[in-house]
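Beneath this line is the structure, given in structure tokens, with notes to follow.
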Amino acid sequence: MKRAAVLALATLWLAAPASAERLVVSLSNHRVAITSSFTGEDLVLFGTIEPDTPRGALRDNYDIVVTVSGPRQTYRTRRKERVLGIWVNVDSRQFINVPSYLAVLANRPISEITSPEIARRQQLGLDNFILTQRVGADFADTVREDPFRVAFISLSALKDLYGEDHKAVTFLTPTVFRAAIPLPSETPTGTYAIDVKLFSGGQLITRANSALEINKAGFEQYVADAARNQGFLYGFATMLLALLTGWVASVVFRRD
Amino acid sequence: MQIYLPIADLPVNVFLLLGMGLAVGFISGMFGIGGGFLMTPLLIFIGVQPAVAVASVASHIAASSFSGAISYWRKNAVDVVLAGMLLVGGFIGTASGVWLFTALRRMDQLDLMIGLSYVTLLGIVGGLMVYEGARAIMREYRGVPGMPRAPGSHTWVHGLPLKMRFKRSKIYVSTIPVLGIGIIIGFLGSIMGIGGGFILVPMLIYFLRVPTATVIGTSMVLTLVTMASATVMHAATNHLVDALLAFILMIGGVIGAQFGARTGQKMRAERLRLLLGLLVLAVGLRFAYSLVVQPEDLYSIRVVEGGI
């Protein structure tokens with residue numbers, strides 16, 4: 001009887017954290033328009049940690065990991081080697097349907113937030129995010145030290161498209177936080193998924209999702225769409241534009 | 001002032017682009033060439049993908065050659081029949097060039113191919129021009145009169161069959177080399193993003209003996225049509241033509257060309273040729289350097305469309 005009570009108490013204590021808190025997140029802007037003057041922008045995500053029940057208890061140590069992933073794309077990473085004195089693309093790997101943008105934002109290093117085991121299972125951080133490669137006929141992620149994987153991440157990081165920042169999430173109060181999502185100038189357009197995970201004491205407590213839409217707007221949108229969908233007409237229009245410019249120049253600068 | 005280029009997908013400074021257009025336009029007006037061989041490398045240098053640069057420069061050249069062609073047309077310095085025959089070859093060349101461009105891009109060898117073509121072509125043409133130019137100046141320096149070619153001199157080209165008379169240029173040559181030259185120019189133009197004026201003019205003079213009265217005007221018409229069709233074909237097959245980028249370059253280009261033309265008229269032909277040769281050679285060497293020297297990053301990424 002007594003043992004059963006202890007067991008019941010223990011299970012209650014163990015089970016309680018799993019649903020004791022709720023995450024509420026909100027984005028400063030759900031739609032970002034890329035216009036001709038777009039040179040990058042910072043979005044802000046606000047969130048609060050609330051007790052699930054009105055009188056639920058809150059802990060005092062929370063960690064937040066935000067993963068923002070952009071529209072999926074297939075990429076090929078190529079490696080140059082010297083062949084007959086010149087540098088030639090020799091080897092390549094295909095990364096199938098991987099995010100074109102990937103930002104991992106946290107309030108402290110992921111290694112301090114949770115164990116490597118959980119970090120891997122929850123795909124926390126660039127090292128743990130699954131980037132599927134085509135290996136022969138198979139599709140699989142490789143080891144994190146794989147040179148093509150490392151190169152793919154570092155080249156994307158160079159354009160600020162991939163990044164990990166463990167200072168980007170700041171707690172305004174112990175339960176209210178903000179995260180800065182950096183959108184670089186070369187931000188790809190499309191739908192972005194935002195995944196917010198709440199940790200405490202190394203354990204995942206709850207998570208929340210949000211989304212973000214990035215579109216080319218106005219003239220940019222028009223040109224990009226036309227080029228993709230109406231290739232021939234677009235080319236024809238560009239050609240006419242060229243002829244018009246040439247003709248105007250010959251009229252303006254006519255000397256005879 | 002930064003502006004976001006919709007197809008190249010990167011922000012650039014408008015004034016930088018305008019300045020590049022002006023500078024290249026100035027040079028092209030001075031030497032009577034399209035200037036693609038300078039513009040394409042410059043764009044690659046500021047970070048535009050080689051494929052987008054090649055495809056967009058085509059329309060820029062179309063604009064500058066159109067304004068040139070109009071003024072030569074007014075002076076009645078265009079051989080329409082010759083231009084038409086060259087164009088038949090030009091179309092075949094452009095279409096096969098665009099096809100090869102697409103295929104090479106799929107095999108990840110496009111950038112290498114662009115680099116290699118630049119080294120080979122600019123190296124040879126630039127070298128020849130410098131050699132010829134230097135020799136002409138040396139001759140002049142020593143006081144030896146130049147050796148003007150006799151107007152009736154014949155080469156092996158004149159022995160080919162299927163001859164045709166081009167009245168405006170007063171030549172009677174086989175259509176085979178005419179078509180061949182058209183094919184070569186169209187092909188190179190669509191792969192390298194050059195109009196080819198700087199190779200076309202010497203070819204027309206040396207192989208076909210086209211007189212100076214019609215050679216530049218005719219070459220401009222050919223450049224115009226091949227580049228205009230390359231624009232349409234690149235846009236339709238590879239979706240890589242950045243109209244905004246091209247438009248900014250065009251504006252700078254046509255203005256620069258006017259000032260360049262004025263400067264060019266004040267210079268002596270031999271000096272001009274030597275200078276152009278040095279310029280061509282320098283661009284070729286720059287490409288050779290980037291092929292031979294170990295790149296900063298051995299890895300590069302390319303977006304794969306449709307899983308290819």
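Convention: sequence-line order gives letters A, B, ...; per-chain numbering from 1.
The most heavy-atom pairs under 4.5 Å with chain B, out of A:K80, A:M239, A:R79, come from A:R79. Between chain A and the options B:L224, B:L5, B:V293, the largest number of non-hydrogen pairs under 4.5 Å is found for B:V293. Of the residues considered (B:T237, B:T231, B:I251, B:V292), B:V292 shows the highest number of contacts with chain A, using heavy-atom pairs under 4.5 Å.
Counting all heavy atoms, side chain and backbone alike, B:V232 lies closest to A:F232 at CG1-CE1, 3.3 Å. Heavy-atom minimum distance, B:A62 versus A:L243: O-CD2, 4.5 Å. Residue B:S67 comes nearest to A:G246 through the heavy atom pair CB-O, 2.9 Å, listed as atom of the first residue, atom of the second, then distance. For the pair A:W247 and B:I70, the tightest heavy-atom approach, listed with the atom from each and the gap, is CD1-CD1, 3.6 Å. The nearest pair of heavy atoms linking A:V88 to B:Q109 is CG1-OE1, 3.7 Å.
For a residue to count as touching a neighbouring chain, one of its non-hydrogen atoms must lie under 4.5 Å from one of that chain's; by this rule A:S92 touches chain B with the side chain only. Both the backbone and the side chain of A:P147 have a heavy atom closer than 4.5 Å to some heavy atom of chain B. When heavy atoms are compared at a cutoff of 4.5 Å, B:L240 does not approach chain A at all. Contacts between A:R82 and chain B at a heavy-atom distance below 4.5 Å involve the side chain alone, from C-beta outward.
Atom NE2 of B:H60 sits about 14.5 Å away from atom OG1 of A:T238, to the nearest 0.5 Å.
Put simply, the side chain of A:L155 reaches to within 4.5 Å of the side chain of B:Y299, judged on heavy atoms. At a threshold of 4.5 Å between non-hydrogen side-chain atoms, the residues A:L241 and B:S59 do not count as touching. Residues B:I301 and A:S156 are in side-chain contact: their nearest non-hydrogen atoms beyond the backbone lie under 4.5 Å apart. Residues A:I86 and B:L112 meet the side-chain proximity criterion, which asks for heavy atoms closer than 4.5 Å.
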Under the criterion side chain to side chain contact (heavy atoms under 4.5 Å, CB included), I'd like the reasoning laid out for B:L298 against A:W87: C-alpha separation, chi angles, the key distance, then a yes or no.
CA-CA 9 Å; B:L298 292 180; A:W87 292 88; 3.5 Å; yes
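Looking only at distances, a side-chain donor or acceptor of A:Y234 sits under 3.5 Å from a matching main-chain atom of B:V241. No donor-acceptor pair under 3.5 Å is formed between the side chain of A:R76 and the backbone N or O of B:S300.
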